[in-house]
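Before I ask anything, here is the structure I am working with.
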Amino acid sequence: MSDSWQSPGAGAGADADAGAGAGAGAWDQQGPPTEAAWGHTHPGHPGYEENQVYRAYEGYPAQQASQDYPQQHAYPVQQVDQAQLAYQSQQSYQAEQARRAEQARGARQTPLAPPRADPAGLADRTAREAGVPDEAGEADEAREARGAESRLGRRRASAPEPEAPAEGGRGAARRTLRTVTRREAHRHRRAGFVKVVAFCAATAAGSMLLLRGNEALDRLGSPTVPDSAAGAPAAVVDAPDPGRVLQVVAHPDDDLYFMNPDLRYSISAGHPVTSVYLTAGEADGINAGAGKAATTRPDKPAYAEARQNGIRAAYALMATGDRSSPWQRTVVPTKGGGHAEVDVLVAKPLVNLVWLQLREAGTVYDDAPDSLHGLWDGRVPRLESMLASGTPVKQRFSYTKDQVVQTLVGILEQYLPTTVRSQDPTPGRLPDTKRYTDHQDHVYGARFVQLATAAYAKDVKDRPHFAVQNYVGYVNGSLPSALDPAEAKEKLDILGTYAWLDKQNHCQSDAGCGDLKVSDQPGGNRWSESINYARGTGTTWLTSDKDHGLWAFKVLDGQVALWHRPGLVGRWKGPDLLPGTGMDPGVSTVTLPDGRTAAFGTRTSVGTRPADYRREVVYVVQKRPGAEEFTEWQSLGTPETADESWTSDISAPAVSVDGTGQLAAYVRDGAGTLRGRVQHADGTWGPWEKYGGTDLHGSPVTATDGAGRRMVFAATSKSVAGWGQPKPGAPLGPVTSTGLPDTTLPLTAQGREGGVRLWFRKPGSGNVRTALVTGEGGLKVSQMTDLGGLQGFGAVTASGHVLAGRTAGGQLGSEAGSGRPWERSPLMFVGAPSSTMTGRSMVSLAVVGLDARLYVTSSPDAPDAHLAPWQPVGPRNTAL
């Protein structure tokens, strides 16, 4: 969240990260938020006194802090005895592996493989001290040789030796990050998957029938039957690789505010999770709430330490249920020439924290040259470190722009993630002042991640494919609540731990055990109530052709990946990366009148100058129906005048073909209005037209009704706006208020029942809702229905009788018939699911897992149908 969030009444000159909580009531007004409503005003800035409107989170008053967080939760952060630490690590790891093996036998899921990276050397050190060989009986010398070949160690062999921690960490401080070889990783995975061999053999024949249409599905045997509560997990024929998640955020707590509950889901499911913090988050150095800010002495290193302590407590709580669970903290050299602190949770070594400790901006949007923004723009040649008072890193350093990128590349090389989570690099600006709608550190930190992932994808060959997920930041406070009350309370509890509500010195640190700046209102500006993806929310990336073949388009490694199955019985192929880099998450497909498939997305280009940063709408078209050859990417440009105006804040394109065969693409621009281009009969495109609307959020959706009339819809913070053609081939009519209630992002649209049916979620619930919109004589809404669900958030895909979307817990939930209980799949995935009709009587459904692998299933389009077992496509995603 914050480099400098301040509660009301803070001393003059303190920076307000977002003025979290300020102006909450202003979101009840119509129209887009203004700067005053946004809550960016803070002490020392005009308008502060008029904007001290803070909304406390119900059920979490400060006076209940001591009851919610009793003293028995105390935990020490200081260094622990190394032998005891190693023993605890090994014991907890073995216990965790045993638990996962038992879970795999019961739920037919794969036990988690050991992490590729063991930054603190815990597993190796434990085995050496115990004199126990590894699984293959390899000698300690061989393991040491492998460690010496670690990427980060190899590339930084000449780096200065870091100082050792003050207590108990001399050996660990001199270890660089270790890399498990592919042979080791394969052996670990093989050992894990032995536990599901019997299941795979028993279902292999049935899984092959998944490709053979209705007749095959009739022979699948007994379907998965939902239990009485939330629905039993649907089987996965070849259990997924766990996948490795790496998050990069600007400040300590950005992950807790904007990436949770995805973060908690990933940890709970046992995925290796590493969070990287670019800045120290030192703000003004005052670790105090509103009442004591004026009398608290500023101490930037100490405040940075307190925030680190709060993050460690929150992660320990998520991973073990105990905020006192200890961490192993060590120092590693970075590829950029500096040093990073790496923290490994002893009880769960798959949970890592990496602290880069660069100086933060100290202000949301005001000019601050010594910042990630200033470094990006070239206003400063180097950005200095800001070391927390408790960090084992003792040697100060500074980074150039390229060194920041190389540091992140080195981390990516070490952890080899299959899912990279980042903040939004183009969040837009406030309409009235043109100031950022998000913190400048969030914006430019995310842009550094873009550069790093592009360099990693280009230069590092021995790596797995990876997907990227971007997250909405401060704007969440202006949108309807995306989480149901139970999820919101769980998220708030974690934030309460970070905020150190009980003020007990459980971490044994003079700096403090959490971030007291947010303790007055841990939920921020309603951020604890929501989570939204900035990109990759579309549900039209899976499509079928006239021969019942399937085509899937998702972005991996910054390129559009293509998977293809020819016909009902063909063999899947892919992923094949289409030429062209810089692709943003999110692809939309459309079938052209001649049967060819076209895929649309946005592309980011970054030049040497700040003004060279640019996003544009691009598309490719099949060279002929059914062909795996596509044209080169063609650009439709952008309706934005410049990145400096709206931070290139365009949505993903929504595309459709009307009854005359006319193709059109629509985006939401940075001003929150609808823009679009229409293709002429000769193949040329018209200009970007203005279609109006205000306060539009997310990406628009489009579909055609039974008469071939195109309709376009976009969510606002209060309702849904719509546009429609009076007849096929005509321009869109004026923006129309649908009268629908407020809805969470995003929308899904499909032509059905003579009109266009919309699906969306009920705010504060997660329930799926639907309504039918007809276009005769103007847009008219009917049949508003609540379909229930398994809570959750995000996009819902709909084809035939099948509905599917993310559930509470992060897994895929599906309903295979009206009134049927929802079923839960074990799959956790990136972005949104997608489905399509394959022929007239088959529904195909697909997701891309956290392992960046495609998973597909099918179902007859019949009221009593069930989904077949999930089928992974292609080899396991380990290394290229």
Side-chain angles (χ1 to χ4, degrees), residues 1-8 16-28 33 37-40 42 53-60 247 249-265 275 281 283 307 310-311 314 318 364 421-424 427-428 430 436-439 441-443 445-446 469-499 501 514-515 517-534 697-698 717 744-745 763-764 766 793-794:
M1 166 198 107
S2 144
D3 69 326
S4 50
W5 188 94
Q6 271 290 8
S7 299
D17 177 61
W27 302 128
D28 294 333
W38 198 261
H40 281 183
H42 52 83
V53 183
Y54 285 74
R55 188 172 71 86
Y57 187 93
E58 293 181 4
Y60 223 106
Q247 305 185 152
V249 295
H251 310 122
D253 78 2
D254 289 342
D255 45 350
L256 303 184
Y257 276 112
F258 308 122
M259 296 177 177
N260 240 350
D262 275 356
L263 168 60
R264 179 169 59 85
Y265 294 160
S275 291
R307 296 186 75 173
I311 289 292
M318 287 187 284
V364 177
R421 293 173 178 160
S422 173
Q423 294 174 274
D424 186 359
L430 295 171
Y436 300 114
T437 61
D438 210 346
H439 196 293
D441 281 347
H442 299 177
V443 176
Q469 184 74 73
N470 297 107
Y471 290 80
V472 173
Y474 290 166
V475 179
N476 282 319
S478 67
L479 300 174
S481 301
L483 299 178
D484 70 272
E487 289 291 341
K489 179 60 167 63
E490 183 75 21
K491 182 173 180 176
L492 186 63
D493 287 345
I494 295 165
L495 285 162
T497 299
Y498 167 76
L501 294 184
D515 187 354
K517 281 188 185 295
V518 302
S519 61
D520 292 337
Q521 191 178 346
N525 190 11
R526 301 179 56 241
W527 300 325
S528 63
E529 302 172 20
S530 280
I531 179 174
N532 282 292
Y533 301 135
H697 292 277
S717 60
T744 64
L745 303 178
F793 55 89

Side-chain donor-acceptor pair under 3.5 Å between Tyr471 and Asp424, yes or no?
-> no
Atom CG in Leu430, atom OG in Ser478: separation rounded to 0.5 Å?
-> 9.5 Å
Between Tyr436 and His442, is the ring centre distance below 6.0 Å?
-> no
Identified side-chain contact (heavy atoms from CB on, under 4.5 Å) partner of Pro427 from the options Val472, Asn470, Asp438 | Asp438
Quick one: does Ile531's side chain get under 4.5 Å of Phe258's, heavy atoms only?
-> no
Arg421: what forms a salt bridge (charged side-chain N to carboxylate O under 4.0 Å, His left out) with it, not counting sequence neighbours?
-> none
Leu495 and Pro522: which non-hydrogen atoms are nearest, and at how many Å?
-> CD1-O, 3.6 Å
Is there side-chain contact between Met318 and Ile494, with at least one heavy-atom pair below 4.5 Å?
-> yes
Kindly say whether Asp493 contributes a backbone atom to a donor-acceptor pair with the side chain of Thr497 at under 3.5 angstrom?
-> yes
How about Ser422 and Gln469: do any of their side-chain heavy atoms sit closer than 4.5 Å?
-> no
Examine distances only and state if a side-chain atom of Asn260 and a backbone atom of Tyr257 form a donor-acceptor pair shorter than 3.5 Å.
-> no
For Asp441, does its backbone N or O pair with a side-chain atom of His439 as donor and acceptor, under 3.5 Å?
-> yes
Would you find a donor on one side and an acceptor on the other, under 3.5 Å apart, between the side chain of Ser530 and the backbone of Trp527?
-> no
Would you say the side chain of Asp262 lies within less than 4.5 Å of the side chain of Tyr533, judging by non-hydrogen atoms?
-> yes
Between CG of Leu492 and CG of Leu483, what distance do you get to the nearest 0.5 Å?
-> 11.0 Å
Mind listing the closest non-hydrogen atom pair of Ser481 and Arg526 along with its distance?
-> OG-NH2, 3.0 Å
Would you say the side chain of Tyr474 lies within less than 4.5 Å of the side chain of Asn525, judging by non-hydrogen atoms?
-> no
State the OG-CD distance between Ser275 and Gln247, to the nearest 0.5 angstrom.
-> 4.0 Å
Give, for atom CD of Gln423 and atom CG of Asp255, the distance between the pair rounded to the nearest 0.5 Å.
-> 8.5 Å
Heavy atoms, side chains only, cut-off 4.5 Å: are Phe793 and Pro261 in contact?
-> yes
Dump the intermediate steps for side-chain contact (heavy atoms from CB on, under 4.5 Å) on His697 and Leu745, then the final yes or no.
-> CA-CA 8 Å; His697 292 277; Leu745 303 178; 4.2 Å; yes
Using atom types as modelled and distance alone, determine if a side-chain donor or acceptor of Glu529 lies under 3.5 Å from a backbone N or O of Ala482.
-> no
Taking the side chain as every heavy atom from C-beta outward, state whether Leu479 and Thr744 have any pair of such atoms under 4.5 Å apart.
-> no
Is it true that Arg264 and Glu487 have a side-chain N and a carboxylate O under 4.0 angstrom from each other?
-> yes
Indicate yes or no: at least one non-hydrogen side-chain atom of Arg307 is less than 4.5 angstrom from one of Lys517.
-> no
